[in-house]
Amino acid sequence: VPYFFRVFGLLLESALDCPELLPAEPGPQPDIRFVYGNVPADLEHPVTRAARWQTASGKFLSHQEGFGDFYVHDGREILMQPHPRVPEEAIRLYVLGTCLSILLHQRRLFVQHTSGIATQRGIVLFGGRSGAGKSTMVSAFLERGYKIVADDMLALTLDPQAGVLALPGFPQVKLMADSALALGRSIEGLRRVMPGHDKFISPERERFSAAPARLHAIYDLSVADVPAPVVLPLAHTERFNILLDHTWQKATLFGLGVREWHFQTAANIASLTYAARLTRPPEPLDVRRTVDLVEADMLLEHSPA
Amino acid sequence: MTAIALETVVSRAEGFTTAPVRDELMMLNIEQGAYYSLDPIAAEIWSMLERPSRVRELVDALQKRYAVEAAQCEADVLAFLGELQQNGMIVAN
């Protein structure tokens, strides 16, 4: 019996149970499918060939030694052939990360490696390097009564009405033990991302906003030797740069045949969206002060000009 | 690589695409993924190169539009076209 989930506004039918996703009513015509089966050894006419993966127009094939083989194709299906002893949570990390982001590229959805929250002005995203504080920001905003729309993956699409529409991802937050400490949160009872990892998953179904909504602002988080946190609006070309920086699996865009589309879409989103850089001092993170600053800025109207 | 002079005819190379971001023009090398931003005057020259053009014609047209000395305009245009050529964005015939 397959499982059904709603993710990025799409109906997913999956042979793999994914407790991190929002369950959905079964439907006869799912938008996307995760299935088990035999993965081909090679693509017919590969455009890009790396050591462990290859791409062709609309196709991505991955052979991970000792882990498994995966085939993501036509924006519709992820075919999985994991090695027998690989735990399901490891398969899910790969399928719901790399594979799903590539499937979204194939569907021409603009995938961002960002966390995000819903506000009365629209969706607000937080991007930045690993450790910059993406998950910490959404966790702190959850405590202030906002709802989460993404922890590390979110899709954008151009929409005649909304301008840029944000499609929510997974109802969970992944937190490092030390970030939880800075937030005053207990990690007791939380599942680890992987056995032995210092990162924990906090399910957030009750505090998740699943409805696609207008994108309001993007904050790029960075850490530098500044005396206090500071928010500075970015010029349009810098907005374009961060949209490219926040893109999942950039190396596959050309082979999938979507690089030009991706570039044009980034330019459109950069023209339509307010973005700013939040620079904060190194640890210890002053969560309250940082979040106060961002909250005041994100609740402004912000014309994209 | 042919050196570009005033009488050289230059044209756009294949494999690039552009997209406006407010008052700048972003340009992508589709195969390599490298991208560049062109300021408004650079973008104007790029737009003039939609058809193969003699460098002297580009210089004349720009001089008519902007209050710039002939020698300065020539030097600036030649330097800019040299950069485009280095990046494989135009070819000299």
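In this text, all values refer to a predicted model and were calculated from it rather than measured experimentally.
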**OP:** Check the pair D152(A), K134(A) against salt bridge (Lys or Arg N to Asp or Glu O under 4.0 Å), reporting the backbone distance first and the verdict last.
**Re:** CA-CA 8 Å; D152(A) 64 359; K134(A) 294 187 288 290; over 6 Å; no
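- The aromatic rings of F240(A) and Y35(B) sit perpendicular to each other, their planes meeting at more than 60°, with 30° as the lower class boundary.
- Taking the six-membered ring for Trp and the full ring otherwise, Y274(A) and H216(A) have centroids separated by 6.0 Å or more.
- Distance alone, capped at 3.5 Å, is enough to place a donor-acceptor pair between the R214(A) side chain and the R121(A) backbone.
- At a 4.5 Å heavy-atom cutoff, N268(A) makes no contact with chain B through either its backbone or its side chain.
- Between F60(A) and Y71(A), the ring center distance fails the sub-6.0 Å criterion.
- With a 4.5 angstrom heavy-atom cutoff, Q32(B) touches chain A only via backbone atoms.
- For R49(A), the salt bridge (charged side-chain N to carboxylate O under 4.0 Å, His left out) partners at least two apart in sequence or on another chain are D42(A).
- Among the candidates L272(A), T48(A), N241(A), the residue making the largest number of heavy-atom pairs closer than 4.5 Å to chain B is N241(A).
- Here CD of Q112(A) is found 8.5 Å from CG of L244(A). Values are rounded to the nearest 0.5 Å.
- Close approach to chain A, defined as a heavy atom under 4.5 Å from one of its heavy atoms, is seen in S37(B) of residues 36-71 of chain B, taken by number.
- Under the 3.5 Å distance criterion, the side-chain polar atoms of H105(A) are matched with a main-chain donor or acceptor of W248(A).
- If you measure heavy-atom distances from L253(A) to chain B, you find no contacts under 4.5 Å at all.
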